[in-house]
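Quick note on labels: first sequence line is chain A, next is B, and so on, each numbered from 1.
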Protein chains: 2
Amino acid sequence: MARKRQSQRVTSYEVAKLAGVSQATVSRAFTAGAQIAKDKKDRVLAAAKQLNYYPNSIASSLASASTNIIAVIVGNLDNPFYVESLHAFITHLQASGKHVLSFTISQGKACDDAVLEALKYNVDAIIVTSAPLSNDLVSMTKGAGIPILLFNRSSDDPTLLSVRCDNFGGGQELGKVIYDAGARKVLILRGDPQGSTSRDRVAGFRLAVQDKAIEAVRIEEIDGNSSYDGARDAIRERFKGPNPTFPDAIYAVNDIMAIGCIDELRERFDLKFPEDIMIVGFDGIREGQLQPYKLTTIRQPINAMVLKTLELLAAIGDEEDTVKADSCVIPGRFFEGSTVTQMEQVGTKIP
Amino acid sequence: MARKRQSQRVTSYEVAKLAGVSQATVSRAFTAGAQIAKDKKDRVLAAAKQLNYYPNSIASSLASASTNIIAVIVGNLDNPFYVESLHAFITHLQASGKHVLSFTISQGKACDDAVLEALKYNVDAIIVTSAPLSNDLVSMTKGAGIPILLFNRSSDDPTLLSVRCDNFGGGQELGKVIYDAGARKVLILRGDPQGSTSRDRVAGFRLAVQDKAIEAVRIEEIDGNSSYDGARDAIRERFKGPNPTFPDAIYAVNDIMAIGCIDELRERFDLKFPEDIMIVGFDGIREGQLQPYKLTTIRQPINAMVLKTLELLAAIGDEEDTVKADSCVIPGRFFEGSTVTQMEQVGTKIP
DNA sequence: TTGTAAGCGTTATCAG
DNA sequence: CTGATAACGCTTACAA
């Protein structure tokens, strides 16, 4: 049964032979914390270096339980927030010797295919950022014993762990700020109307405004597709026609849409922020802090969120069920840019 | 030799039993284009669905030659260009049933560790974007028979395939544009002084300017670290002190530095572009086209570059050596923003 | 077209 | 602490 050798890759057997030990000993030499005498280890490592040997992680994945691969499914790399998140995941996982298998999902599509692929590769965990997930797949991952974690989104399924920013609380904070600044006519730019994130951010905002509202506040909501272009389109549509009237403030549920708003309103109407309109966003992406924007926003603590996620992952590994979902909502931090100001100074173009 | 079963994952043996066929037949049922009778295949697939079976890619990777995993090593996700590139790689590879194992490298560090990790996982190929690579590692990948491709950078090692934009040509084009606009005093903001990319872009620019130069052009070069912050720092340092004099034009060898320049000069000196200073960048990242910038630049054809890269990969798979490196330099396209104008209209603050 | 069985290169168990 | 050896779940020659 001759079989063509698929590559010239050195195996632990060859190292073992050269070092004069068993293959098992070679394996131990490359396993941190394994029981092995120092001299043997040195001998093995020397032989390995001489032969240019490095362990075959695929073989080790097959033989052991774990691949050291984490699947990260990113919904939408057009939104810098997800880029920064992916970046953080790669960096932190790399630091702890794990690897990231990245998937992207086109807007609006379910991430079922990606999850299935991840399952095939026996990944240690699946992290889903912002994309819907079918119940079938969730149960398959459970069957496979592979943890799924949601990042920056929640789910109706309470058994699914999720790490996210306190979207409701952040929305509230922005609502207060906007109300206190004197805005009484507010336009909200929603993201994905299906998504929990947008919903919570809007709900928090509305609650804060209503709590405060001795004076009535008129709120209008439109959809901005969670994207720069979507926001520009929505704004263009909303303020088309001659002599549009503008609100006192705009609340975009994420920064990238806020930037889209600003660009569109500057370009078409030469509006000034905050003099003509106030605007706030949510996320704290870097673009929002570029000099022409200096956007007032809630900064999501991406690093803390990522670390929390990895912590949860570790916890799941240890004990099956002691994981409490409560602690997985992390507060964002208000960031004062220069797109909100006291209403006295605001000269809106409203008749 | 009892051994604890590591998971409840269904194997092809169980499917085989249920379907009343051999395990090999199950394997064939899941292999596209395999020789198998339709009725058997249907039977197998039905059994698989019933048991929630899906193939184990790790096992298949071990048994076969290929993992269907491509390692993509990204130097610097702070630069949106690399983000867009990574995005394109993930998208296109996903479309052809491959997977992306992502690595990032901290600024200035070699990507040797990442390459070694990739080798351990027996990836089908390694794509390196912008990070230095030691010769040892290159020879190791050769030994392992794993192709390495450079993306957006070249190397002294002529055996290394590389796909990149025509940096020299793009630099030339920008040089012409700047000269023709009337600039005679130019500040160049370099990126990584070691890197081929920055070097070629500068060389092309200088050549074009010298070719044209009936009038002498004064060129000064400073380093911007290829980053937004680096550019701001460099500009701040360069124009510190009272009454600085400004050049006619700035050539930042990438867009993200150009944006940094603009922000810094706007914030500190309230300069207008192009009225006070002209500026051009290179890359064509989305940020450069935001309304406050509208940066004149050379747009790198990321998609074409990525497709070319994957094409090369496929070619390497087929025939070992027929790959010609010539065709791997792809021209960029000049994009006219609004940061260059005829010098008559330029009123610099130079005494 | 199908089944049999020998790898693929590790890890993990167990006996020494 | 070390070595022998059985998995791990698949692919693939080869025989039927």
Looking only at non-hydrogen atoms, find the nearest pair between B/Ala48 and B/Val15 and report the distance.
N-CG1, 3.9 Å
Report the distance from atom NZ of A/Lys17 to atom P of C/dG9, rounded to the nearest whole Å.
14 Å
Between side-chain atoms of residues 136-149 of chain A and protein atoms elsewhere (two or more places apart, or another chain), which donor-acceptor pairs fall under 3.5 Å?
residue: A/Ser139; atom: OG; partner: A/Asp136; partner atom: O; Å: 2.7
residue: A/Thr141; atom: OG1; partner: A/Val138; partner atom: O; Å: 2.6
residue: A/Lys142; atom: NZ; partner: A/Thr159; partner atom: OG1; Å: 2.8

Interatomic distance where CD belongs to A/Glu14 and C1' belongs to C/dT10 [whole Å]
14 Å
Please examine the side chains of B/Leu310 and B/Lys98, heavy atoms only from C-beta on, and report whether any two atoms are closer than 4.5 Å.
no
Phosphate-side-chain proximity, B/Ser12 and D/dC10, N/O vs OP1/OP2 below 4.0 Å:
yes
OP1 or OP2 of C/dT10 less than 4.0 angstrom from a side-chain nitrogen or oxygen of A/Tyr53, does that happen here?
yes
Short question: side chain of B/Ser155, backbone of B/Leu160 - any donor-acceptor pair under 3.5 Å?
no
Contact check, side chains of B/Ser102 and B/Leu86, non-hydrogen atoms, under 4.5 Å:
yes
Angle between ring planes, B/Phe89 versus B/Phe151, binned at 30° and 60°: parallel, tilted or perpendicular?
perpendicular
Could you give the CG-to-P distance, from B/Asn122 to C/dC8, as a whole number of Å?
13 Å
A/Lys17 bridged to A/Glu14 by N-O distance under 4.0 Å:
no
Rounded to whole angstroms, how far apart are OH on B/Tyr121 and P on C/dG9?
17 Å
If I take atom CD1 in residue B/Ile58 and atom P in nucleotide C/dG9, what distance separates them, rounded to the nearest angstrom?
15 Å
Side chain to side chain contact (heavy atoms under 4.5 Å, CB included), that's the test. Do B/Met305 and B/Lys308 meet it? Break it down for me.
CA-CA 5 Å; B/Met305 287 163 68; B/Lys308 185 73 196 171; 5.6 Å; no
B/Lys120 NZ to C/dG9 P: how many Å, rounded?
17 Å
For the side chain of A/Asn56, counting heavy atoms from C-beta on, which of C/dT10, D/dT11, C/dA12 is nearest?
C/dT10
Contact list please: residues 18-46 of chain A against DNA chain C, heavy atoms, distance less than 4.0 Å, in numerical order.
A/Gln23, A/Ala24, A/Ser27, A/Arg28
For the helix from C/dT1-D/dA16 to C/dG16-D/dC1, what angle lies between the axis at the first five pairs and the axis at the last five pairs, to 10 degrees?
30°
Less than 4.0 angstrom from a charged side-chain N to a carboxylate O is my criterion; do A/Lys38 and A/Asp42 meet it?
yes
